Amino acid sequence: MHKYSKFDKETINKLKEFQIKLSKKILLEDCFDKINTVAGVDIAYKNNKAFASLVIIDTNLRIKAIHTLETKVYFPYIPGFLAFRELKPIVLLAKRFINEYDILFVNGHGIAHPRRFGIASHVGVLLKKPTIGVAKNLLFGNIGKKIYENIFEIIYGNNVLGYLVNVNKKKFYISPGNRISLKSCLSVFLKFVKKNPIELAHVYANMFKNGIKPFI
DNA sequence: GCGACAG
DNA sequence: ATCTTGTCGC
């Protein structure tokens, strides 16, 4: 039994086709004006339950709100198909507060994905909202040339799909999800890196999982 | 055929 | 991601 053979080839192929079909709706251009607030979303797990948190931050790096949502999960983790596991809680929560942030940071990749449709792109297409994928590990593509002291390109063939950013000994793989340009996904990430929305969401998702919610 | 593989 | 002891480093 191999680790990721939970579904037959036919099912996997249909999911792949679905991703490819939806990926055509991605816009890699900036569909936003002035950024006033951004949000980060992440999920912690306990048994078969997902504990999601959405943290909203303003440009002064102040936390404006922390929201949570709990749902059951039914789909396993399969590399390349993370969205089918985490989409429901993320979309439900992000949609509820959709007018309270300008850009959404999602834990996982955007277009740096085998079918250019990682979870950040999937969420962005469903919400019709600018999203940025922020991952701690590389899934697809290779590390290309250094463009700054601590920043490298993520490339596939001749295409740049995103960036590897080194911050405080930690690596972040950044790629556009939807409705944002390659260039802006990097600059926006850097703008909030001192109060990384994904890391904050991670902390609060875990607190929520453990029954603590001193939330704003 | 073999290895790699977001969370 | 989660489970989980001791251990290394600031």
Side-chain angles (χ1 to χ4, degrees), chain A residues 1-7 9 11-13 15-16 18-20 22-23 26 40-55 68-94 104-126 131-143 152-157 161-166 168-178 185 189 196-212:
Chain A
M1 292 307 137
H2 292 297
K3 206 171 169 190
Y4 302 123
S5 59
K6 328 232 156 133
F7 291 92
K9 194 178 163 189
T11 304
I12 290 294
N13 282 333
L15 295 179
K16 286 182 181 175
F18 183 68
Q19 290 178 321
I20 291 166
L22 278 188
S23 73
I26 293 174
V41 65
D42 189 37
I43 295 179
Y45 292 94
K46 195 178 210 173
N47 300 319
N48 269 28
K49 272 175 282 189
F51 297 83
S53 92
L54 179 84
V55 182
T68 57
L69 177 78
E70 179 185 341
T71 60
K72 263 188 143 183
V73 291
Y74 301 94
F75 203 89
Y77 167 68
I78 305 174
F81 303 91
L82 175 64
F84 297 101
R85 175 174 174 79
E86 303 197 333
L87 203 55
K88 183 179 162 187
I90 291 176
V91 169
L92 282 176
L93 187 55
L104 180 64
F105 291 50
V106 180
N107 198 342
H109 294 286
I111 62 170
H113 178 275
R115 290 161 292 285
R116 315 301 191 279
F117 201 65
I119 188 168
S121 296
H122 205 142
V123 170
V125 165
L126 295 188
T131 55
I132 297 174
V134 180
K136 295 169 208 69
N137 294 286
L138 192 60
L139 170 68
F140 179 78
N142 301 291
I143 299 309
F152 298 77
E153 291 177 335
I154 298 172
I155 57 170
Y156 183 71
L161 301 179
Y163 302 95
L164 162 58
V165 182
N166 284 303
N168 301 327
K169 303 292 173 193
K170 287 178 287 189
K171 295 179 187 300
F172 294 100
Y173 297 86
I174 311 304
S175 61
N178 188 29
C185 90
F189 174 78
N196 192 328
I198 288 297
E199 297 193 300
L200 289 174
H202 183 77
V203 168
Y204 290 114
N206 275 296
M207 287 177 66
F208 180 40
K209 177 192 75 174
N210 293 319
I212 305 168

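Values below: every heavy atom of this structure, side chains too, minus hydrogens, waters and symmetry copies. First the proteins, then the strands, lettered A, B, ... as listed; each starts at 1. No experiment lies behind these values; they were computed from the predicted model shown.
- Proximity note for A/Ala135 (side chain, C-beta onward) versus C/dT2, B/dC5, B/dG7: the nearest is B/dG7.
- Around atom NZ of A/Lys49, no more than 12 heavy atoms belonging to other residues, nucleotides or ligands sit under 6.0 Å away.
- The closest donor-acceptor contact from the side chain of A/His113 to the backbone of A/Gly80 lies under 3.5 Å.
- Applying the 4.0 Å criterion to OP1 and OP2 of C/dT2, one finds that A/Lys209 has a side-chain N or O inside that range.
- Residue-environment remark: CZ (A/Phe172) exceeds the threshold of 12 foreign heavy atoms within 6.0 Å.
- Aromatic stacking of A/Tyr77 on B/dG7: satisfied, with centres closer than 5.5 Å and planes within an angle under 30 degrees.
- When the side-chain nitrogen and oxygen atoms of A/Asn137 are compared with OP1 and OP2 of B/dG7, one or more of them lie within a distance under 4.0 Å.
- The side chain of A/Tyr45 approaches C/dT2 more closely than any other nucleotide in the set C/dT2, B/dC5, B/dG7.
- Note on A/Lys49: nothing from the nucleic acid sits closer than 4.0 angstrom, heavy atoms only.
- The nearest whole Å value for the distance from the NZ atom in A/Lys169 to the P atom in C/dC10 is 11 Å.
- Contacts of A/Ala44 with the nucleic acid, taken as non-hydrogen atoms under 4.0 Å apart, involve only primed sugar atoms and P, OP1 or OP2.
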Intra- and inter-strand pairing of DNA chain C, written as dot-bracket with Watson-Crick and G-U pairs under 3.5 Å and | for the latter, reads ..........
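- At whole-Å resolution of the value, OH in A/Tyr173 and C1' in B/dA6 are 11 Å apart.
- Within the 6.0 Å centre-distance limit, the rings of A/Phe75 and A/Phe7 are counted as a close aromatic pair.
- Stem regions for DNA chain B, meaning three or more consecutive Watson-Crick or G-U pairs with both distances under 3.5 Å, do not exist: the list is none.
- Near-neighbour residues of DNA chain B inside residues 117-124 of chain A, defined by a heavy atom below 4.0 Å, number-ordered: A/Gly118, A/Ile119.
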